[in-house]
Number of protein chains: 2
Amino acid sequence: MLSKTAEYALRATIYIALKGSEDNKLGIEEIAKGIDSPRSFTAKILQLLTQNNRVISSVRGPNGGFYLTDRARKLPVKAILAAVEEENVITKCVLGLKECSETRPCPMHTQYKNIKKQLKQMFEKTAIQQLVDEFNKGNYFIDNLKGVRKPC
Amino acid sequence: MLSKTAEYALRATIYIALKGSEDNKLGIEEIAKGIDSPRSFTAKILQLLTQNNRVISSVRGPNGGFYLTDRARKLPVKAILAAVEEENVITKCVLGLKECSETRPCPMHTQYKNIKKQLKQMFEKTAIQQLVDEFNKGNYFIDNLKGVRKPC
DNA sequence: GTAAAAAAGGACACAAATATCCTTTTTTAA
DNA sequence: TTAAAAAAGGATATTTGTGTCCTTTTTTAC
C-alpha cells in the first residue's frame with residue numbers, strides 16, 4: 001500500500017506528535033528507536049517533512065530536535081503523504097490506468113471507487129492531533145512505536 | 001497501492017479473460033500491446049500466473065498462447081495477487097507495523113480497519129469472470145486496455 | 001569565543017523492482 | 001521431418017527505493 005518512506009514518515013510524525021512538544025523536542029536517535037526505523041534514512045525523511053510542507057518543525061544545536069506546532073497538529077494526515085510525494089494512493093486507479101473515471105472506468109472501477117473514496121476521506125479528514133487524542137484515550141500497547149506504548 | 005507487477009498481472013489476466021478463450025489463445029505481443037505494458041516483463045509475469053497458481057493456462061507452438069479455463073474464470077481476483085505474492089495489501093497495517101490488531105492497534109487502526117476489510121472483500125469476493133461480465137454490459141471506453149474498449 | 005550538540009546536506013552503497021535480450025524447448029503445420 | 005511459431009527460461013541491464021556514513025552548518029551553554 002505505502003512505501004517504507006511513507007510508513008516511516010507517518011510513524012515518525014505521529015511519534016513526535018505523541019511524545020514531543022515545543023518545550024520537549026525529540027532527537028533523531030530517539031525517534032528512530034521509538035518507531036524502529038533506520039536512523040539516517042529517517043533523518044532524510046524528516047528533512048522532507050520540515051522542508052516541503054512544514055509538517056514538522058526543527059531546531060539545530062544543543063536542546064534542539066523535532067516537534068510539531070499547534071498549527072501542524074491540525075493538519076490532515078494527507079499532509080504527511082504530500083511531503084513524501086505519495087498522495088496519489090488516494091486517487092490512483094487500482095489497475096494503474098492513466099485514465100479511469102466514471103465515464104471511462106477500468107474493469108475494477110465499480111468495486112474500487114468507494115474504497116478509494118474512503119481512503120481519501122481518512123487521509124483528508126483525520127488530523128494528526130486527532131490520532132494523538134484517540135491514542136491517548138485508549139490503553140494501547142504497541143510494539144513498533146515502542147516508546148509510545150502503554151501497558152495493557 | 002499495488003506494484004507495477006501486480007497491476008500488469010491484473011490487467012493482463014483481465015485482458016485475456018475478456019478477449020481470449022481456449023479456441024482463441026492470445027500471444028504475448030497482443031496482450032502487452034492491449035494493456036500497454038512492456039512485452040518481456042509481462043511475459044515473466046504471465047509465467048508466474050501459469051506456474052504458481054494456475055490462474056492462466058498456456059500452450060506453446062503455433063496457434064499457442066494464453067487463455068483462461070472456465071475453472072480459472074471463477075477464481076477470485078485475489079488469486080492473481082497471490083500468484084505475484086502481493087496478497088498482503090489485504091491484511092497489512094497501514095503504518096507497516098508487524099503487530100497491529102484490535103487489541104494492539106496502531107494509531108490509525110480505527111480509521112483504517114474498515115477500509116482494509118472492504119479491500120479484502122473486493123479481492124476475495126469478486127471473481128475474474130464477474131469483471132468480464134460487468135465490463136461487457138457497460139459501454140466502456142478504456143485507454144490502456146486498448147483492444148478491449150468499446151466506443152462510447 | 002570556543003566546544004559540544006544537534007540537524008542539514010552530500011556522497012555513496014546496497015537491494016529490490018522493473019525491464020530487455022537472447023537462447024531453449026515445445027508444438028504445429030506443411 | 002523440417003521450418004516456423006510461440007512460450008519458457010536464463011542472464012543481464014537499468015532504475016528506483018532503501019539505507020549508511022561523513023562533513024558542514026547552526027545553535028546553545030559555558
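Residue numbers begin at 1 in each chain, while the letters A, B, ... track the order of the sequences.
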Would you mind writing out the side-chain donor-acceptor pairs for residues 3-10 of chain A within the sub-3.5 Å range, not counting sequence neighbours?
| residue | atom | partner | partner atom | Å |
| --- | --- | --- | --- | --- |
| A/Ser3 | OG | A/Ala6 | N | 3.1 |
| A/Ser3 | OG | A/Glu86 | OE1 | 2.6 |
| A/Ser3 | OG | A/Glu86 | OE2 | 3.1 |
| A/Glu7 | OE2 | B/Lys92 | NZ | 2.5 |

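Closest non-hydrogen pair, B/Arg11 versus B/Asp36, comes out as NH2-O, 3.5 Å.
By the side-chain contact (heavy atoms from CB on, under 4.5 Å) test, B/Ser40 is found to be paired with no residue, residues two or more places apart in sequence or in another chain being considered. Looking at residues two or more places apart in sequence or on another chain, you find no side chain to side chain donor-acceptor pair (under 3.5 Å) involving B/Lys116. Contacts of B/Ser57 classified as side chain to side chain donor-acceptor pair (under 3.5 Å), with partners at least two apart in sequence or in another chain: none. Annotation: side chain to side chain donor-acceptor pair (under 3.5 Å) contacts of A/Thr69 (sequence neighbours excluded): none. For A/Ser58, the side-chain contact (heavy atoms from CB on, under 4.5 Å) partners at least two apart in sequence or on another chain are A/Thr50, A/Phe66. Remark: A/Glu85 pairs with no residue by the side chain to side chain donor-acceptor pair (under 3.5 Å) rule, at least two apart or across chains.
The distance between atom CD1 of A/Ile45 and atom P of C/dA7, rounded to the nearest whole Å, is 15 Å. With rounding to whole Å, A/Leu26 atom CG is found 12 Å from C/dA6 atom P. Taking atom CD on A/Gln47 and atom C1' on D/dC21, their separation rounds to 14 Å, with Å as the unit.
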Could you pull out the protein-nucleic contacts involving nucleotides 26-30 of chain D (nitrogen or oxygen on both sides, under 3.5 Å)?
| residue | atom | partner | partner atom | Å |
| --- | --- | --- | --- | --- |
| D/dT26 | O4' | A/Arg60 | NH1 | 3.0 |

**Complete:** Expected string for nucleotides 10-19 of chain D under the B/S/- scheme (protein heavy atoms, under 4.0 Å, primed atoms plus P, OP1, OP2 as sugar-phosphate) is BB------BB
